[in-house]
Amino acid sequence: MKLFKFFITIIPVLVFFSCSEENQNIELDFSQTDMLGNYANNIIKPSISDYQTSVTTLDEKVKAFVSNPTEETYDAAGSAFINAYQNWATINAFQYGPALENAFLTSSNTFPTNYTELEADIEAEKLNLGAVTANNKKGLPAVDYLLFKDDKTTVIEAFKANAFRGEYLNAVVTDLLTKATYVNDAWAGDYASTFAVNEGNDPSSSLSYIVNEYNKAFERCKNQRVGYPLGKNSLSGKSSPLSVEAYYGANSLDLLRRNITTLENVFKGYDGVGLDDYLTAYYNTGSIQEDLSAKILNQFAVINQKLDNCQNPFSNHIEAQDQTVEELYTEMSKLVVMIKSEMPSALSVKITYQDSDGD
Amino acid sequence: MGYFNKLVNKQTSIAPLVVFRMIFGIMMALSAVRFWVNGWIDSQFVQPKFFFHYFGFSWVEPLGETGMYCIFIIMIVSAVGIALGAFYRISSVLYFLTFTYVELIDLTNYLNHYYFVSLMAFIMIFLPAHRRFSVDVYRNPETYRKYVSAWTINIVRLQLGIVYFYAGIAKINADWLLKAQPLRLWLASRADLFLVGPLLKYKWVAFAFSWIGCIYDLCIPFLLSIKKYRGFAYFLVVAFHIMTAALFPIGMFPYIMVLSTLIFFSDKFHENIILFLSRFFSSENLAVQVKRGRINSIPQQIIRFCFAVFILLQLIFPFRYALYKGNLFWTEQGFRFSWRVMLMEKSGAATFYVLNPETNHKIEVNNRDYLTPLQEKMMATQPDMIIQYAHYLQSVFKDKGVKNPKVYIDSYVSLNGRASKPYIDPTIDLTKLEDSFAPKTWILPFKG
């Protein structure tokens with residue numbers, strides 16, 4: 001029992017000792033709730049709202065074009081589409097919660113679009129966008145194809161010639177709007193506040209959603225927007241320029257830039273508390289040896305510089321498999337190590353509920 | 001009677017063993033049910049396309065969906081059989097076989113806790129734990145026994161003691177004691193925890209936890225063995241494991257340990273438990289003539305000798321790492337089966353390239369196409385798994401029509417808060433390597 005008494009005495013002493021020099025002894029000076037609040041209320045909610053608004057406009061303009069295919073209505077629809085696609089790039093990394101429930105990502109942006117099947121469906125006047133197999137015949141890539149597959153006059157003529165083409169486009173846009181509205185309603189409702197208080201680091205914590213989906217979003221940029229088209233993963237190694245995002249409207253480079261800029265901003269928490277501050281707080285305690293936050297931001301700067309070397313249309317770089325795009329790809333790959341391995345490790349983010357006894 | 005002889009041969013009450021049998025059986029049955037309910041049978045044994053094998057057990061394969069669920073049914077039923085002491089030998093053999101089989105399927109899921117359960121289940125096969133207060137005795141009253149040789153109880157205590165003591169030895173390293181890593185990283189992330197959360201952001205707390213954890217592991221087997229300190233020691237056991245259960249995702253293990261260590265308590269304590277339980281299950285028939293059984297028969301002698309070897313091996317095996325050069329945590333040569341628990345925060349990123357020698361084209365592999373997220377995470381930091389995966393990729397790409405594919409890796413690993421460093425030699429064709437006990441010279445040196 002002497003041992004017991006010893007412990008009973010020593011604990012208050014230790015607690016007193018720690019409180020007396022509070023600032024020096026503090027390990028981690030960071031509020032996860034502040035960060036989650038910033039992400040939920042200042043970043044995710046408004047971004048999704050902007051996207052929903054832009055898709056609402058797209059819906060209006062496209063329907064105006066379909067009912068009256070003129071050069072004027074076409075231009076309006078086209079620019080509304082480019083705007084909506086740009087906004088999609090800002091919410092790419094937020095595919096959790098209501099977005100996940102609603103298959104937001106796969107239904108809105110599966111590319112490349114399967115234009116042969118899509119044309120066959122229009123030919124057969126078949127419309128079934130609800131099917132699981134329809135993902136590569138709808139969404140933003142399908143709109144890109146339908147609006148920009150040929151030059152302006154040819155496209156307008158095609159819509160005039162076949163009313164079902166317009167019906168199909170309308171349905172695609174309506175589907176986009178339904179999904180966007182569903183997700184937006186959830187975030188505008190209770191979900192943002194639920195998300196903001198869901199602290200911790202287990203697989204269903206908000207931090208885990210943010211970090212894991214952030215990684216997936218970046219890997220989508222690296223793989224789908226650059227790597228696959230470059231032929232990095234193919235047996236033959238041949239490039240497939242048609243596989244880039246927004247091939248027909250030739251917006252690929254702008255969208256890739258917008259995606260990368262957004263991911264950089266999401267990391268920074270835009271103007272508020274973000275993952276960068278969280279990592280810096282850990283770095284300041286000395287429990288991680290490297291200023292990971294600075295390293296990641298520095299790598300973003302390198303990637304941006306490589307992006308600046310690229311020119312429109314991006315598919316030309318891909319087709320040529322030139323040095324510019326190879327370098328871009330290499331630098332993007334380097335960032336993966338930092339955000340997929342080092343960041344989750346430093347922040348103790350879990351990927352599974354499975355029992356663990358250390359790594 | 002010498003001290004050692006007393007520990008082995010003294011005739012002592014069977015009660016501690018009987019209570020342990022019930023605890024072990026119930027906890028194992030609950031663990032298996034929990035595993036099932038969490039959907040892990042599906043996610044760990046049905047969904048994956050590829051499984052990482054243990055060295056020497058590459059022939060172990062999962063049985064498919066129906067088969068795996070059947071295995072778990074057998075596991076649960078046999079664990080209940082152990083608890084009830086029903087068809088005890090058959091139950092304990094079946095439990096050991098099914099549990100160990102399931103653990104051998106995928107190296108990804110390796111846990112020291114599972115290793116502990118396999119060892120304990122193996123020991124249980126040979127113990128007369130069913131010879132009182134059991135269905136077997138109810139069916140055959142003449143098998144009842146009041147006393148057993150002390151070793152049958154002491155071996156369980158010894159096994160528990162080894163787990164603690166070796167876990168303590170493993171904690172004697174610079175990262176754990178001098179840097180309080182990985183606890184500093186882990187504890188700071190749990191500031192959301194009820195009651196203790198706010199305390200976890202202090203630096204001294206991580207150091208205190210590290211040192212107390214180490215001293216606790218080293219001392220607890222001895223404190224539990226000494227009558228004078230037993231009560232206090234058990235209080236520490238409960239406090240320690242409740243803390244670890246709250247802080248870390250270690251599942252049933254803390255509860256298993258809290259209940260298992262009851263075996264260190266006295267005969268009288270366990271007699272009272274049985275007496276208490278007898279009020280609800282009146283299987284005790286004390287009028288039956290006690291038969292002494294074959295205490296010193298030849299099979300008994302052989303079993304005792306084999307157990308001596310079994311324990312000796314366990315005492316030596318964890319030190320095999322000393323035969324390898326390099327940092328143990330970095331190379332993980334001799335890391336497993338050594339009670340190294342919660343020692344590392346290790347993470348890595350591994351990109352594989354399949355080179356087609358005919359076209360000289362390097363195909364970048366998307367690991368998600370072949371591995372589950374957990375498999376990918378585990379593989380990236382464990383060299384033997386990297387080799388296995390490379391061989392798997394070789395066969396996959398052969399099937400896809402690449403003749404003589406070569407596999408290369410670009411990999412980085414970070415350990416206990418250090419910056420990530422290159423891990424495996426990127427110039428080596430991994431298909432040329434085979435896993436063995438030989439030193440893995442293709443692991444790049446650790447730069448602390």
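Numbers restart at 1 for each chain; the letters A, B, ... are given by sequence-line order, proteins then strands.
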Pick from Pro344(A), Ser236(A), Gly231(A), Ser205(A): which one has the most heavy-atom pairs with chain B under 4.5 Å? Ser236(A)
Select one option (side chain, backbone, both, neither) describing which atoms of [X] are under 4.5 Å from chain A's heavy atoms.
X: Phe397(B); result: side chain
X: Val402(B); result: side chain
X: Ser420(B); result: both
X: Trp186(B); result: both

By side-chain hydrogen bond (donor to acceptor under 3.5 Å, both in side chains) - contacts of Lys362(B) (at least two apart): none
Among residues two or more places apart or on two chains, list those pairs meeting salt bridge (Lys or Arg N to Asp or Glu O under 4.0 Å) that have a residue in residues 195-214 of chain A. Glu213(A)-Lys216(A)
Write out all pairs satisfying salt bridge (Lys or Arg N to Asp or Glu O under 4.0 Å) with one or both partners inside residues 338-360 of chain B, taking only residues at least two apart or from two chains. Glu332(B)-Lys346(B)
Within residues 218-225 of chain A, which residues come under 4.5 Å of chain B, heavy atom to heavy atom? Glu219(A), Lys222(A), Asn223(A)
Examine distances only and state if a side-chain atom of Asp357(A) and a backbone atom of Met342(B) form a donor-acceptor pair shorter than 3.5 Å. no
Is there a donor-acceptor pair under 3.5 Å between the side chain of Ser347(B) and the backbone N or O of Ser345(A)? no
Is there a side-chain contact between [X] and [Y] in this structure, where contact means two heavy atoms from C-beta onward sitting under 4.5 Å apart?
X: Tyr228(A); Y: Asn366(B); value: yes
X: Tyr329(A); Y: Glu364(B); value: yes
X: Glu290(A); Y: Arg418(B); value: no
X: Lys350(A); Y: Pro249(B); value: yes

Side chain, backbone, both or neither: which part of Ser356(A) has an atom under 4.5 Å from a heavy atom of chain B? both
Residue part contacting chain B, namely of Leu347(A), when any heavy atom lies under 4.5 Å: backbone
Ionic contact status for Arg34(B) with Asp355(A), cut-off 4.0 Å: yes
Looking at Lys340(A) and Glu376(B), does any basic side-chain N land under 4.0 Å from a carboxylate oxygen? yes
In this structure, which one of Leu187(B), Leu185(B), Leu183(B) forms a side chain to side chain contact (heavy atoms under 4.5 Å, CB included) with Ser287(A)? Leu185(B)
